[in-house]
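Have a look at the structure below before the remarks.
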Amino acid sequence: GAGVSQSPSNKVTEKGKDVELRCDPISGHTALYWYRQSLGQGLEFLIYFQGNSAPDKSGLPSDRFSAERTGGSVSTLTIQRTQQEDSAVYLCASSLRSGSSYEQYFGPGTRLTVT
Amino acid sequence: AQSVTQLGSHVSVSEGALVLLRCNYSSSVPPYLFWYVQYPNQGLQLLLKYTSAATLVKGINGFEAEFKKSETSFHLTKPSAHMSDAAEYFCAVSVSGNNRLAFGKGNQVVVIP
């Protein structure tokens, strides 16, 4: 079946602009995660959804970052007033259920470059 | 909070030689442990996971890992490296009640022909 998909695959934006990153999880997966991968910081957790609710937003680096999930499916990560330090690969993952033992399936990522 | 240490960002191995990637974790409660592989410009793919059923875990592509509680380790091995094993490998930990994965810094594996 189809895996996790993310769009766009690459995004170049000017400093100060807003961007939206999209994630389509595997059908039927109730849990969805956003991570950020950068050279300096490695892989960092951003936010986790169970259904449409986000029980854990503690990884969002600032109030410029927000995310939502609708219909228990698609999720959008929004970064407002982008800064150069936001440049990174943003990875989305989904799992069948929430819970630490469940495997997380990752999408190919969105590479964000802020100029 | 749980954390993972992977030493040696770059690992070179000859084709046909043993692949050994070390992972040590820190957790105050029983952990769930994972190894992921990332090929260039791709997402992460699960190689194997430890969820307390068996301490020796076999994964895809001939990889296996052994959970050693006394050493707080979960090292990844493959008896004979193949050129297709060139990739970046990440160890990750999660604990019950905390759904996020905490990743190590990763090992970039280079296979020398």
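Chain letters run A, B, ... following the sequence lines, proteins first, then strands; residues in each count from 1. Just so you know, these numbers use all the heavy atoms, side chains as well, and skip hydrogens, waters and symmetry mates.
- Looking at B:Q38, the atoms closer than 4.5 Å to chain A (heavy atoms on both sides) all sit in the side chain, from C-beta outward.
- Within the 3.5 Å criterion, the main-chain N or O of B:D85 finds no donor-acceptor partner in the side chain of B:K78.
- With a 4.5 Å cut-off on non-hydrogen atoms, A:Q37 touches chain B through its side chain but not through its backbone.
- Looking at A:L43, both its backbone and its side chain come within 4.5 Å of chain B, counting heavy atoms on both sides.
- The interface of residues 10-30 of chain A with chain B, defined by heavy-atom distances below 4.5 Å, is empty.
- In this structure, B:V93 is not a member of the same hydrophobic cluster as B:F90, with clusters built from ILVMFWY side-chain heavy atoms closer than 4.5 Å.
- The most heavy-atom pairs under 4.5 Å with chain B, out of A:D56, A:V4, A:L91, A:I47, come from A:D56.
- Of the possible polar contacts, one joining the A:S75 side chain to the A:E68 backbone as a donor-acceptor pair under 3.5 Å is found.
- With no hydrogens or angles considered, no side-chain donor-acceptor pair links B:T55 and B:E66 at under 3.5 Å.
- Contact tally against chain A (heavy-atom pairs below 4.5 Å) for B:T51, B:N41, B:L46: the top residue is B:L46.
- Residues A:F45 and B:V4 fall into different hydrophobic clusters, defined by Ile, Leu, Val, Met, Phe, Trp and Tyr side chains chained together at heavy-atom separations under 4.5 Å.
- Only the side chain of A:Y35 comes within less than 4.5 Å of a heavy atom in chain B; its backbone stays farther off.
- Closest approach of B:K49 and B:V57 over heavy atoms only: O-CG1, 3.1 Å.
- For A:S87 (side chain) and A:Q84 (main-chain N/O), a donor-acceptor pair under 3.5 Å exists by modelled atom type.
- Counting heavy-atom pairs closer than 4.5 Å to chain B, the top-ranked of the candidates A:G42, A:G109, A:G107 is A:G107.
- The choice from B:Y32, B:F34, B:Y50 that makes the most heavy-atom pairs within less than 4.5 Å of chain A is B:Y32.
- Of the possible donor and acceptor atoms, none in the side chain of A:R81 sits under 3.5 Å from a partner among the backbone N and O of A:R64.
- Both A:L77 and A:V114 are members of a single hydrophobic cluster when ILVMFWY side chains are connected at heavy-atom separations under 4.5 Å.
- Hydrophobic cluster membership is shared by B:F74 and B:F63, with clusters built from Ile, Leu, Val, Met, Phe, Trp and Tyr side chains linked at under 4.5 angstrom.
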